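Data block below; observations after.
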Amino acid sequence: VQLQAFGGGLVQAGDSLTLSCAASGLVFRDYDMGWFRQAPGKEREFVASINWSGNILHYENFVKGRFTISRDNAKKTVSLQMTSLTPEDTAVYYCASTKGGVYYNPTSYDYWGQGTEVTVSS
């Protein structure tokens, strides 16, 4: 199983960025998907999740209204569209897959991507 996250970069405050995660080696539609992030010196935190069919979405409060998670089961990808970025969004962003459990708990997730770094300058 491989989850490949990409799309990170250096942007300015107020900019938008879309992260994507390509999955291989698993039956993608069997898994719910999540995005987490980890800022320097901080613990990994939940950002957003989407269930296998794409009709149940969860967002952490600090990204509600700014970030949108989506998936394409045919392409085996999950995306995170981020808008109105702030320096507080600076982190390494990880995609992960789960067959169930507590969506905001990292221990519920079976497979993880390598992370893609997002840096937001003020």
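Note that the coordinates shown come from a computational prediction; the quantities given were computed from them, not determined experimentally. What you see below is based on every heavy atom in this structure, not just the backbone, and it leaves out hydrogens, waters and symmetry mates.
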Check: Does any non-hydrogen side-chain atom of T18 lie less than 4.5 Å from one of Q81?
Finding: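 Of all side-chain heavy-atom pairs linking T18 with Q81, at least one is under 4.5 Å.
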**Prompt:** Would you say F67 and L17 make side-chain contact, with heavy atoms under 4.5 Å?
**Reply:**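 The answer is no; the side chains never approach within 4.5 Å.
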[X] side-chain N/O to [Y] backbone N/O, donor-acceptor pair under 3.5 Å:
| X | Y | answer |
| --- | --- | --- |
| T83 | R66 | yes |
| D30 | K99 | no |
| R71 | G54 | no |
| N51 | I56 | yes |
| T90 | V120 | yes |

With clusters defined by side-chain heavy atoms of hydrophobic residues (ILVMFWY) lying less than 4.5 Å apart, directly or transitively, does [Y] cluster with [X]?
| X | Y | answer |
| --- | --- | --- |
| Y59 | W52 | no |
| L80 | Y109 | no |
| M33 | V1 | yes |
| M82 | F62 | yes |
| V63 | V92 | no |

Which pairs with one or both residues in residues 75-107 pass ring pair (Phe, Tyr, Trp, His ring centres under 6.0 Å), sequence neighbours excluded?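 Qualifying pairs, neighbours excluded: F46-Y103, H58-Y103.
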#### Entry: Sequence neighbours excluded, every pair satisfying disulfide (SG to SG under 2.5 Å) that has a member inside residues 51-92
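Found none.
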message = Can you list everything that forms a side-chain hydrogen bond (donor to acceptor under 3.5 Å, both in side chains) with E88? Sequence neighbours excluded, please.
response =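 So E88 forms a side-chain hydrogen bond (donor to acceptor under 3.5 Å, both in side chains) with T86.
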- Task: State which residues pass side-chain hydrogen bond (donor to acceptor under 3.5 Å, both in side chains) with E45; sequence neighbours excluded, sorted by chain then number.
- Result: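 Residues passing side-chain hydrogen bond (donor to acceptor under 3.5 Å, both in side chains) with E45: R37.
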Task: side chain to side chain contact (heavy atoms under 4.5 Å, CB included) partner of Y31, chosen from L3, L26, T98 - done: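 When L3, L26, T98 are each tested with Y31, the side chain to side chain contact (heavy atoms under 4.5 Å, CB included) holds only for L26.
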Problem - Point-to-point distance, once rounded to the nearest 0.5 Å, from OG1 of T119 to CG of L10 - result: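 If I round to the nearest 0.5 Å, the distance is 6.0 Å.
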Could you state the interatomic distance from OG (S121) to CG (D15), rounded to the nearest 0.5 Å?
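S121 atom OG to D15 atom CG measures 8.0 Å (nearest 0.5 Å).
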Give the minimum heavy-atom separation between [X] and [Y], together with the two atoms involved.
| X | Y | value |
| --- | --- | --- |
| P106 | F36 | CG-CE2, 3.6 Å |
| S16 | S84 | OG-N, 4.3 Å |
| F6 | C21 | CE2-N, 4.5 Å |

List for me each residue that meets side-chain contact (heavy atoms from CB on, under 4.5 Å) alongside A5, sequence neighbours excluded, and say none if there are none.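 With neighbours one apart ignored, the set is W35, C95, Q114, T116.
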*Under the side-chain contact (heavy atoms from CB on, under 4.5 Å) rule, collect the residues that match up with N105, sequence neighbours excluded.*
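If we apply the side-chain contact (heavy atoms from CB on, under 4.5 Å) test to N105, skipping adjacent residues, the hits are V102, T107, S108.
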